[in-house]
Amino acid sequence: MDYLNGLNEAQRTAVTAPPGPVLVLAGPGSGKTRVLTHRIVYLIQELNVSPWRILAVTFTNKAAKEMRHRVEQMMDGRLRGLMMGTFHSTCARILRRETDNLPYYDRDFVIFDTADQQQVVKQALKDLNLDDKKFPPRKMLNGIGSAKNEIITPDEYRATNYIATITQRVYEQYQKTLHANNAMDFDDLLMNVVLLFDERPDVLAKYQQQYQHILVDEFQDTNTAQYAMLKRLAAAHSNILVVGDSDQSVYRWRGADYRNINRFRESYPGAQQILLEQNYRSTQLILDASKAVIQHNHNRVHKDLFTDREGGELIVVREAYNDLEEADTVVNTIQSLLLDGHSPSDFAVMYRTNAQSRSLEEAFVRANMPYRLVGATQFYKRREVKDIIAYLRLAHNPLDSVSYGRIVNTPTRGIGAKTKENLAHWAASQGLTPVEAHMMLAVDPDVQHPFRGRAFNALSRFGALLDAWITLREQISVGELMDAILEQTGYREYIDDGTEEGNDRWANVMELRSVAAEDTGVSLSEFLEQVALVAEADNVDATVNATTLLTLHAAKGLEFPVVFITGLEDGILPHSRSFDDVESMAEERRLFYVGMTRAEDQLYLSHSFRRAVWGEPEVMTPSRFLNDIPFDLVDGVGTGKRRERTKKRASSWNWSSSSHAPARRVPPPPQKRMPTPQYLEETAAPPPPLTQSQFRTGQKVQHAKFGIGTVIESKLVGSDEEVTVAFPETGIKRLAASFAKLEKIND
DNA sequence: GGATCTCATGTTTTT
DNA sequence: CATGAGATCC
């Protein structure tokens with residue numbers, strides 16, 4: 001049988017497990033995608049299950065697409081109705097179909113992203129007369145989001161402290177606003193499905209009947225709401241197979257809880273449990289190193305990963321002077337590996353935070369090397385793209401006040417703050433929405449209104465445009481509607497000002513236009529939904545022959561022959577926000593583990609001696625995780641030795657001729673004056689405040705005790721100068737210039 | 001009404 | 001350092 005081809009025993013057991021609850025614990029690279037695809041084929045071919053009776057939930061749209069593709073290949077495409085997608089897209093589809101059974105929503109509801117949510121919270125705070133300084137929208141949204149993840153409605157929200165009482169009020173108002181906008185946020189998609197199922201047993205029964213078999217990928221990253229949804233759907237038949245690995249759980253901050261794996265065991269005591277331990281991706285050496293790292297986490301299900309790929313290249317650990325040098329080292333390494341016959345797409349460079357991509361990008365550009373950046377300033381978050389989507393959204397759902405607020409005067413068309421406010425007032429007094437008010441001014445010559453002259457012209461002109469688009473949206477394609485909007489608003493003239501940036505922005509608009517052109521049959525509603533639910537990792541285009549730059553989070557589920565993980569420093573990986581919480585720290589470790597286990601053949605780890613986290617560069621400590629990799633698996637020297645070498649290099653750093661010399665602004669920027677300490681005022685003649693530092697970065701200096709060293713940085717503090725010097729023997733010292741008696745040395 | 005500037009503010013990861 | 005809000009100027 002086709003579906004058993006090339007499977008090992010554990011995989012076969014999983015694929016052919018009898019219907020019922022199945023828990024597959026799958027280590028990295030153990031072929032879980034294979035299990036899922038073969039299982040689907042098995043269900044269809046062997047158990048005669050109709051494709052439309054299967055629901056498969058994946059973590060990204062890309063994973064869903066790939067899986068569908070593989071299944072199609074194995075089955076010659078008899079797949080009509082197979083439901084495959086992310087939790088969010090699955091929920092959106094169910095809700096879209098059930099709008100008749102939903103209070104507050106109709107078929108045209110839109111999905112609000114994080115930025116939209118921010119706007120809604122701000123509005124809610126305003127409505128409640130609350131100060132957004134005292135109650136930061138971000139914090140409020142956190143509270144609201146966690147409530148929704150736990151399926152707690154505003155009514156059920158129990159406040160246990162003062163902030164929470166505020167959060168409760170904001171949450172309530174926030175939901176009202178969303179309802180008025182015919183909009184849901186990401187968390188609503190999940191919560192509303194569960195609420196619907198609970199309120200309408202008949203609706204639930206319908207879906208239980210339809211989805212006789214449920215498969216879930218990346219189960220360790222489900223949250224309470226997602227698990228609740230699965231449980232309800234599976235309640236009738238318990239035909240649910242979940243695949244997960246608690247060691248790869250990295251979305252706790254988003255409400256994911258790997259303990260759902262334990263809950264699954266409790267919910268289905270008879271569940272068959274299958275352990276996939278054979279790894280088909282990495283060398284034994286990479287596996288051993290990864291295992292050594294993850295072993296430091298407690299309360300794990302022990303897995304004994306093994307592979308046929310004995311031995312393997314040693315892991316290379318390097319320290320760079322700073323992030324620039326680190327990036328250059330990565331690029332240089334890639335260049336030399338290219339000479340050995342590698343192709344650019346064999347490599348991936350990973351990092352903890354998006355901000356770190358910058359120096360890497362620059363290094364690739366300098367070296368003229370192809371790269372592809374996943375995420376960062378994501379395409380759909382760009383201003384111009386959001387503008388155009390806002391126009392489309394408003395045409396689709398005129399109740400969307402966030403989109404309205406975004407584009408009512410973008411490009412500027414003479415509707416300023418004052419006019420906007422007047423219109424809102426008038427609209428409210430007439431019982432109209434702002435969009436309706438605009439349209440009324442445009443189409444009804446007899447309407448009574450308080451506007452005159454310029455304001456009236458601007459308002460009604462915009463009303464005429466809105467009216468036209470709303471009519472057009474049913475008649476023409478998304479692309480054509482976009483063309484009409486672009487032309488009638490003069491968007492190009494507005495955004496493309498002839499500068500390079502303007503060019504780029506217009507190019508992004510055109511990119512969006514081509515997305516709309518790709519699938520012509522797509523309705524406006526479908527288009528907007530697709531656009532709202534794209535994931536970071538969805539944009540990893542494997543067809544381009546370029547090196548991939550991505551965050552560790554975005555790397556989950558991917559694999560590459562050669563992997564670089566950069567920024568292995570305490571404060572970066574593990575991230576500084578994780579230090580005071582054991583669980584967060586454990587998650588940072590898992591993140592590192594995920595990164596390491598992406599590598600097939602070679603793994604390069606690097607950290608920088610100095611890094612500017614924000615503003616001024618600081619001396620960094622190598623990541624604690626590096627110490628957990630057994631010595632004999634590493635090429636090169638241990639952490640201590642490495643640091644010593646860097647110190648030496650720091651002191652002999654060739655500042656003047658190196659392109660890496662930090663740009664020194666001339667004249668030096670004005671320094672903040674620190675309040676003069678009391679004891680200084682008592683001395684007779686305080687030295688005149690310094691206006692310029694005496695020591696430059698790179699300057700060689702002589703110290704009485706420490707010998708010769710190199711200035712790393714120097715800043716003015718009060719009336720003194722604080723000089724940081726690297727001494728080859730002693731290390732880094734921070735010295736006050738007035739005490740240290742440093743002598744400048746010319747070499 | 002709109003553009004431009006300054007200042008402050010706060011930064012993980014993303015459906 | 002990058003974005004956003006508020007003030008100021010045109």
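Residue numbering restarts at 1 for every chain, and letters A, B, ... go by the order of the sequence lines.
Stacking between W253(A) and dT13(B) is present: the aromatic ring centre lies within less than 5.5 angstrom of the base six-membered ring centre, and the two planes differ by under 30 degrees.
One interatomic measurement links the two molecules: CD of Q119(A) to C1' of dT3(C), which rounds to 14 Å at whole-angstrom precision. Rounding to whole angstrom units, CG of residue D323(A) and C1' of dC1(C) are separated by 13 Å. Put simply, CG on L533(A) is 10 Å from P on dT15(B), counting in whole angstrom units. Following rounding to the nearest Å, Q118(A) (CD) and dT9(B) (C1') show an atom-to-atom distance of 14 Å. A straight line from CG of N142(A) to P of dT13(B) spans 14 Å, rounded to a whole angstrom. Atom NE2 in H575(A) sits about 7 Å away from atom P in dT13(B), given to the nearest Å. Atom NZ of K556(A) is separated from atom C1' of dT13(B) by 11 Å (rounded to the nearest Å). The distance between atom OH of Y251(A) and atom C1' of dT14(B), rounded to the nearest whole Å, is 6 Å.
Other residues, nucleotides and ligands place more than 12 heavy atoms under 6.0 Å from the CZ atom of R97(A). Heavy-atom neighbours of R252(A) CZ from other residues, nucleotides or ligands within 6.0 Å: above the threshold of 12.
Distances shorter than 4.0 Å separate some side-chain N or O of T551(A) from OP1 or OP2 on dT14(B). Look at K122(A) and you'll find a side-chain N or O under 4.0 angstrom from OP1 or OP2 of dA5(C). Contact between the side-chain N/O atoms of N354(A) and the OP1/OP2 oxygens of dT14(B) is found at a separation under 4.0 Å.
In this structure, R382(A) does not pair ionically with D504(A), as no charged nitrogen and carboxylate oxygen lie closer than 4.0 Å.
Nearest-nucleotide assignment on DNA chain B puts the 5′-proximal partner with R138(A), out of R138(A) and F186(A).
When the salt bridge (Lys or Arg N to Asp or Glu O under 4.0 Å) test is applied to E511(A), no partner is found at least two apart in sequence or on another chain.
Using a 4.0 Å heavy-atom cutoff across all strands shown, R358(A) reaches sugar-phosphate atoms only and no base atom.
Shown are H575(A), R624(A), H607(A); of these, the side chain to side chain donor-acceptor pair (under 3.5 Å) with D570(A) is made only by R624(A).
Pairs engaging residues 109-122 of chain A under the side chain to side chain donor-acceptor pair (under 3.5 Å) rule: D113(A)-K386(A), D116(A)-R393(A), Q117(A)-Y174(A), Q117(A)-D185(A) [sequence neighbours left out].
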I'd like a list of close polar pairs between nucleotides 1-7 of chain B and the protein, N/O only, cut-off under 3.5 Å.
residue	atom	partner	partner atom	Å
dG1(B)	OP1	T419(A)	OG1	2.4
dG2(B)	OP1	G414(A)	N	2.7
dG2(B)	OP2	N409(A)	ND2	3.1
dG2(B)	OP2	G416(A)	N	3.4

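Looking only at atom types and distance, the side chain of T410(A) has no donor-acceptor partner in the side chain of D387(A) under 3.5 Å away.
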